[in-house]
Amino acid sequence: MTGKSILEGRHVVLGITGGIAAYKSVSLLRLLVKAGAQVQVIMTPAAKEFITPVTLSALSGRPVISEFFTANTGEWHSHVDLGLWADAMVIAPATASTIAKMASGVADNMLVTSYLSARAQVFVAPAMDLDMMAHPSTVRNIDTLRSYGNIIIEPEVGELASHLIGKGRMEEPEAIFNVLERYFSSAGDMAGKKVLITAGPTYEKIDPVRFIGNYSSGKMGYAIAAEAARRGAEVTLVSGPVSLSVTHPSIKVVRVESAMQMLAACEEAFPQSDIAVMTAAVADYAPAHPAQVKIKREKQDVPVLELVKNPDIAATLGAEKREGQIVVGFALETDNEQENALDKLSRKNLDYIVLNSLRDAGACFGTDTNKVSIFSAAGVRHDFGMKPKNEVARDIFDTILGK
Ligand code: C5P
């Protein structure tokens, strides 16, 4: 390791659960300690079946905590104090069982109890067999943790302890360590900034029970909101109808349905905003005369919908922006990607446009990953690889901040 690590002096709670990958946590602990972090290890009872507390307490220089009490002295371990002490909490490996307990708040061991008390950023590195990883309950629980603002360090695809090959190998200790270093190197660098974000689809009413909409899940916009808040910004998230939720206290969610409502919410927030990021998939057209009562199939011939054009929210803000305000748009393209993106950049008077191509598998509606290129109005192009949406969010703000 060269130079001083950003982790020096940081308080890290390292949670270890009962999986084969627990042996890798020893290396992670070693990296953290070498970087100068103060590490408190908490093991679940099952973790002790895989590695011994002695190794971990020797390396961390602190007794490992596993139970609520030390049996012979009756000393109580305060999960509340630990939760306040921590600057970061890393749970590696995180088994399906611990992830489920974290998602639903089953505080039956010291690790989950401390997790529920933690105010610091939590990182979760799942490790399990491929079928457990793909089970809908695990997928849902991991999504729930994401909605709490936890950062999921995705497992790799590779050979598993079962000798099956698939997704479920815990990320390597060096990579987990790098995630932590990157996190701390940008924490708070957007303090004092106000960020407006649009997300999700819009629904345009046909009648009280039907609408025109699209497949946008809102995941990209919500990840951008979480990233801005993590970096210290105050966020207004104007969200179309999605099934996502946020809990970060610095994110104010304004829920809207139609493009007109989204525009009104943006117009209200934009004058106070330093940065606006427009990720919403706004419907291009809306029914001109939505019916006040349900259109009945039996009572009429096939109806003809007259449509009107919706306002372009990004272009409206682009036209209104003052000196110093930054407006970022997204372009989802299937062909002539660069040309179309650059056309939008200038036509909407944007400062940056984030291009994702529907030709890239893994870069479309509903996925947890994305592959983008960012073009600036100054003519600079940055290309990025396929990565989780929270990392794409980080790349976007790093680009804007010139990092
Ligand atoms: O023109 P196109 O819909 O491809 O532009 C995409 C960009 O413009 C996205 O940033 C999107 O959020 C924004 N947009 C908008 N209002 C619209 C249409 C698009 O804000 N009515």
Side-chain angles (χ1 to χ4, degrees), residues 195-205 211-225 227-228 235-242 244 254-270 273 275-288 307-321 325-360 363-366 370-377 389 392-393 395-397 399-400:
V195 181
L196 166 65
I197 296 160
T198 65
T202 63
Y203 284 0
E204 310 298 335
K205 263 197 171 71
F211 58 84
I212 296 175
N214 60 66
Y215 292 125
S216 171
S217 66
K219 284 182 177 174
M220 193 64 246
Y222 276 64
I224 289 173
E227 173 67 5
V235 179
T236 302
L237 174 61
V238 180
S239 173
V242 294
L244 303 171
V254 182
R255 295 199 183 273
V256 298
E257 198 175 281
S258 66
M260 291 305 282
Q261 291 167 352
M262 187 172 272
L263 176 66
C266 287
E267 291 276 31
E268 199 175 317
F270 186 59
S273 302
I275 301 171
V277 187
M278 312 276 98
T279 74
V282 183
D284 290 321
Y285 305 100
L307 299 176
V308 288
K309 213 165 182 183
N310 267 334
D312 189 319
I313 300 166
T316 308
L317 303 190
E320 288 172 359
K321 81 178 174 205
Q325 281 185 308
I326 294 173
V327 182
V328 184
F330 269 67
L332 188 65
E333 304 294 338
T334 55
D335 56 285
N336 289 334
E337 287 94 340
Q338 175 163 336
E339 196 185 322
N340 289 336
L342 291 177
D343 173 57
K344 268 167 211 171
L345 180 75
S346 68
R347 195 160 33 83
K348 301 187 190 214
N349 197 28
L350 306 174
D351 299 276
Y352 296 90
I353 191 135
V354 183
L355 165 68
N356 46 92
S357 168
L358 274 181
R359 284 200 237 187
D360 293 315
C364 63
F365 285 155
N370 207 352
K371 181 170 181 287
V372 305
S373 299
I374 304 176
F375 298 87
S376 75
K389 285 182 173 169
V392 175
D395 290 339
I396 291 171
F397 287 120
T399 305
I400 296 175

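Remember, it's 1-based here, ligands and their atoms both numbered in the order they're listed.
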Would you sort out whether Met278 and Phe330 count as a side-chain contact (heavy atoms from CB on, under 4.5 Å), showing the intermediate values? CA-CA 6 Å; Met278 312 276 98; Phe330 269 67; over 6 Å; no
Please evaluate residues Tyr203 and Ile212 with respect to the criterion side-chain contact (heavy atoms from CB on, under 4.5 Å), reporting the C-alpha separation (whole Å), side-chain torsions for both, the decisive distance (0.1 Å), and the verdict. CA-CA 6 Å; Tyr203 284 0; Ile212 296 175; over 6 Å; no
Would Ile400 and Ile326 count as a side-chain contact (heavy atoms from CB on, under 4.5 Å) if you check the C-alpha gap in whole Å, the side-chain angles of each, and the deciding distance to 0.1 Å? CA-CA 9 Å; Ile400 296 175; Ile326 294 173; 3.7 Å; yes
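If you check the side chains of Tyr222 and Thr279, you find no donor sitting under 3.5 Å from an acceptor.
The salt bridge (Lys or Arg N to Asp or Glu O under 4.0 Å) analysis of residues 338-347, with sequence neighbours excluded, yields the pairs Glu333-Lys344, Asp343-Arg347.
A salt bridge links Lys348 and Asp312; the closest N-O separation between the charged side-chain nitrogens and carboxylate oxygens is under 4.0 Å.
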Enumerate the pairs of nitrogen or oxygen atoms, one from ligand 1 and one from the protein, separated by less than 3.5 angstrom; state names and distance to 0.1 Å.
| residue | atom | partner | partner atom | Å |
| --- | --- | --- | --- | --- |
| ligand 1 | 1 (O) | Lys348 | NZ | 2.9 |
| ligand 1 | 4 (O) | Lys344 | NZ | 2.6 |
| ligand 1 | 5 (O) | Lys348 | NZ | 2.8 |
| ligand 1 | 8 (O) | Lys348 | NZ | 3.0 |
| ligand 1 | 10 (O) | Met278 | O | 2.6 |
| ligand 1 | 10 (O) | Phe330 | N | 2.7 |
| ligand 1 | 10 (O) | Phe330 | O | 3.4 |
| ligand 1 | 12 (O) | Met278 | O | 3.2 |
| ligand 1 | 12 (O) | Ala280 | O | 2.7 |
| ligand 1 | 16 (N) | Ile313 | N | 2.9 |
| ligand 1 | 20 (O) | Ala314 | N | 2.8 |
| ligand 1 | 21 (N) | Pro311 | O | 2.8 |

